[in-house]
Amino acid sequence: MGSPDTNQKKGGFFAAMTSGLSMFSNAMHRSVNGLLGYEGVEVINPEGGKEDAEEEAQRGRWKQEERDSYWKMMQKYIGSDVTSMVTLPVLIFEPMTMLQKMAELMEYSYLLDQADKCEDPYMRMVYASSWAVSVYFAYQRTWKPFNPILGETYEMVNHGGITFISEQVSHHPPMSAGHAENEHFTYDVTSKLRTKFLGNSLDVYPVGRTRVTLKRDGVVLDLVPPPTKVNNLIFGRTWVDSPGEMIMTNMTTGDKVVLYFQPCGWFGANRYEVDGYVYNANEEPKILMTGKWSETMSYQPCDLEGEPLPGTELKEVWRVATAPPNDKFQFTYFAHKLNSFDTAPQKLLPSDSRLRPDRWALEKGDLSKAGAAKSSLEERQRAEKRNREAKGDQFNPKWFDQTDEVVPTPWGDLELYRYNGKYTEHRNSIDTSDAVDTGDVQSIEFCPWQYANLSE
């Protein structure tokens, strides 16, 4: 449904949209089995493999001895979901958790404000789907975020009038839930990422449900993102691609956006490119959309064959913000804000991701301290689990309730969590009794277990 059939036949504006599929099958795969002694390992160069395979394979963040050790540890997990089953070295991490990464989707939240204020139902979908595309510039970072500790939270204020709360609601399987709200929209997500380790690459399947409610008219939007592939985990320059369809559906009217993320082809061809249409409830194209998820998105009204309407022009709806040059972790300015206390409430839950000692130490560049702190937190989490089980207690999230609803996704079923409203209701009492002052952050002990809801 990425482009109308009639449009493909006449070779119109988007006739080439599907050509990337054949290019993807011919992507440059450089085998290094014989060169380096690793069976079945491939290095994929998004720039087309101008160097030989061995030279390309030696690129990246790993020293030779680290690469050997990591490969020996990881090769037994090939074909497995490694979301939480493997203890990974801290040198591949970025100083951010998955809960913070969920909040990163709020950087261009003004697009949802625009969608809520827009009276044209199809332009509303243009704004909302451009918001969904906008986060991929940040998601191309090749560093791994920390897995949250059970009961860990992340709070964000002071950005677009938004109040944001996320919580790690399950450890096995690892699941997170998030809620954001301002005067124009509410955002709710339950996330249960599933992965498949393939040796030198990792497939990431976004098992989850994302819903946005636009407050003015009560319109509910459902988002299904494409999967992601992380290439060259051990050998070569690590890079990220997200080939496939992103579908945003207006659950109220039946209107829909289908955007096709082009796969990276020979010599980097088609990388970053996104093309698609806004369709009405009768699946007729109304607006074409095109751009690059790394740069900008534009739109133009179209006819029933998907061709631009005469007298109209392509208009930009979103452009990526300037990023810090030569940033060690490829952070945007907004990502740095997420780590700072500028976006924190005046007082903060001790379970907040900003307070994690491993994340804090990594941000300061102390890998040794970060690694020790990470190991200590993981052992503490195991001890807390043993203690709960010995007492017959069960963990229940504080800010989200598990429902009886299990929803299907393209990559598996999802147990749904719903925001319970307690964070909003009890924010004032939390500030005065439970929370901690952020004036001296180094004196604050990270303690997600303090807020665990336990029931027999």
Which of Asp188, Thr424, Asp401, Thr186 passes side-chain hydrogen bond (donor to acceptor under 3.5 Å, both in side chains) with Tyr419? Answer is Thr424
Classify the angle between the aromatic ring planes of Phe146 and Phe93 as parallel (below 30°), tilted (30 to 60°) or perpendicular (above 60°).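 Phe146 vs Phe93 ring planes: parallel.
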Report the relative orientation of the aromatic rings in Tyr277 and Tyr279; use parallel for angles under 30°, tilted for 30 to 60°, perpendicular for over 60°. tilted
Which heavy atom in Asp203 sits nearest to a heavy atom in Leu198, and how many Å separate them?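 Smallest interatomic distance, heavy atoms only, reads OD2-CD1, 3.4 Å.
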Do NZ/NE/NH1/NH2 and the carboxylate oxygens of Glu152 and Arg359 come within less than 4.0 Å? no
Is it true that atom [atom1] of [X] has more than 12 heavy atoms of other residues, nucleotides or ligands lying nearer than 6.0 Å?
| X | atom1 | value |
| --- | --- | --- |
| Glu119 | CD | no |
| Lys215 | NZ | yes |
| Arg418 | CZ | no |

Test log, rule side-chain contact (heavy atoms from CB on, under 4.5 Å), inputs Tyr127 and Lys117: CA-CA 10 Å; Tyr127 286 121; Lys117 291 184 284 188; over 6 Å; no
Main chain of [Y], side chain of [X]: is a donor-acceptor contact present, judged purely on distance under 3.5 Å?
| X | Y | value |
| --- | --- | --- |
| Arg354 | Ser340 | yes |
| Lys374 | Pro89 | no |
| Asn182 | Phe185 | yes |

Could you give me the CA-CA distance, side-chain angles and deciding distance for Lys337 and Glu107, then say whether salt bridge (Lys or Arg N to Asp or Glu O under 4.0 Å) is met? CA-CA 10 Å; Lys337 285 181 64 177; Glu107 178 170 6; over 6 Å; no
Within the 6.0 Å centroid threshold, strictly below: Tyr108 and Trp131: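 Between Trp131 and Tyr108, which both carry aromatic rings, the centre distance is not below 6.0 Å.
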Do Phe395 and His171 have their ring centres less than 6.0 Å from each other? no
Do Pro397 and Gln402 touch side chain to side chain, with heavy atoms closer than 4.5 Å?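 Side chain of Pro397 against side chain of Gln402, heavy atoms only: no contact under 4.5 Å found.
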For a 4.5 angstrom cut-off between non-hydrogen side-chain atoms, does Asp255 reach Lys286?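 Of all side-chain heavy-atom pairs linking Lys286 with Asp255, none is under 4.5 Å.
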